[in-house]
Amino acid sequence: MASLEVLITERQIQEKVSELARRISADYGDTPVLLVSVLKGSFIFLADLMRQLGPNTEVDFVQTSSYGEGTSTSGVVQIRKDLDVSIEGRHVLIVEDILDTGLTLAHLRELLGTRRPRSLKVVTLLRKPDAAQRETQAEYVGFEIPDRFVVGYGLDHAERYRNLPYVAVLHQEV
Ligand code: 5GP
């Protein structure tokens with residue numbers, strides 16, 4: 001049996017997304033920006049965020065290896081689906097759902113950095129303590145959360161719970 005404990009409400013998320021969108025808009029102004037959404041977990045955050053950004057916003061997707069059906073990282077990061085477009089000379093903003101160890105983001109930053117974007121920044125909705133301590137920095141962070149396994153608002157456990165409008169800690173009783 002599994003139970004859910006709400007950590008961040010739908011309303012708190014919506015307010016935070018608006019705040020992040022205001023900060024991003026203020027920083028980029030009318031400059032065209034390419035959002036690079038990291039599948040699958042960031043797709044709901046991306047959709048809400050993107051609708052609050054200006055008309056010069058485009059999007060593309062990458063997918064990295066995930067935790068599979070477990071709740072702990074394998075430490076191996078692989079690109080499962082690459083971008084469709086070239087990012088050379090473009091302003092790129094990576095859209096992440098959550099930073100845990102920061103390993104996925106570090107790898108992605110390094111990879112995309114070699115493709116010579118004009119700028120490369122990161123927005124993440126959630127960040128766990130481990131990632132907060134590392135050098136892999138995100139320029140825009142929604143919420144600092146405790147080191148617990150969370151689901152909802154795009155985040156899954158074995159592909160379930162992505163459609164919850166809030167973020168919750170998943171308690172798994174055996
Ligand atoms: P990192 O490389 O930073 O350790 O992990 C990043 C990825 O691990 C996220 O994009 C997400 O797919 C997955 N992840 C990390 N923590 C959680 C969590 O608490 N819940 C879920 N559902 N996925 C997580």
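Quick caveat, the model's predicted, so the values are computed rather than measured. Note that ligands are numbered from 1 as they come in the structure, with each ligand's atoms numbered from 1 the same way.
Close approach to D97 involves these atoms of ligand 1, each under 4.0 Å from a residue heavy atom: 9 (C), 10 (O). Close approach of ligand 1 to R148 (heavy-atom distance below 4.0 Å) involves ligand atoms 19 (O). Those atoms of ligand 1 that come under 4.0 Å of a heavy atom in I98, given as number and element, are 6 (C), 9 (C), 10 (O), 11 (C), 14 (N), 15 (C), 16 (N), 17 (C), 18 (C), 19 (O), 24 (C). Listed by number with element, the atoms of ligand 1 under 4.0 Å from a non-hydrogen atom of T104 are 1 (P), 2 (O), 5 (O), 6 (C). Ligand 1 places these atoms under 4.0 Å from at least one heavy atom of L99: 3 (O). Of all the atoms in ligand 1, the ones that sit under 4.0 Å from a non-hydrogen atom of L155 are 21 (C), 22 (N), 23 (N).
When all heavy atoms are compared, the tightest approach of R90 to E58 is NH2-OE1, 3.0 Å.
More than 12 heavy atoms of other residues, nucleotides or ligands shown are found within 6.0 angstrom of CG on D147.
Nearest-heavy-atom check against atom 22 (N) of ligand 1 across D156, V151, T101 picks out D156. Around atom 19 (O) of ligand 1, the closest heavy atom drawn from R160, K40, K128, E96 belongs to K128.
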Open item on the list: Evaluate H171 against S3 for side chain to side chain donor-acceptor pair (under 3.5 Å), listing each step before the verdict.
Closed with: CA-CA 5 Å; H171 297 282; S3 65; 5.3 Å; no

- [ ] Determine, step by step, whether L4 and Y161 satisfy the side chain to side chain contact (heavy atoms under 4.5 Å, CB included) criterion, reporting the C-alpha distance in whole Å, the side-chain angles of both residues, the deciding distance to 0.1 Å, and the verdict.
- [x] CA-CA 10 Å; L4 298 171; Y161 307 114; 4.2 Å; yes

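The shortest N or O to N or O distance between L105 and ligand 1 is not below 3.5 Å.
A salt bridge links E139 with R109; the closest basic N to acidic carboxylate O contact falls under 4.0 Å.
For the pair G102 and ligand 1, a heavy-atom separation below 4.0 Å is found.
There is a side-chain donor-acceptor pair under 3.5 Å between T9 and Q12. Using modelled atom types and a 3.5 Å distance limit, the side chains of Y153 and D97 yield no donor-acceptor pair.
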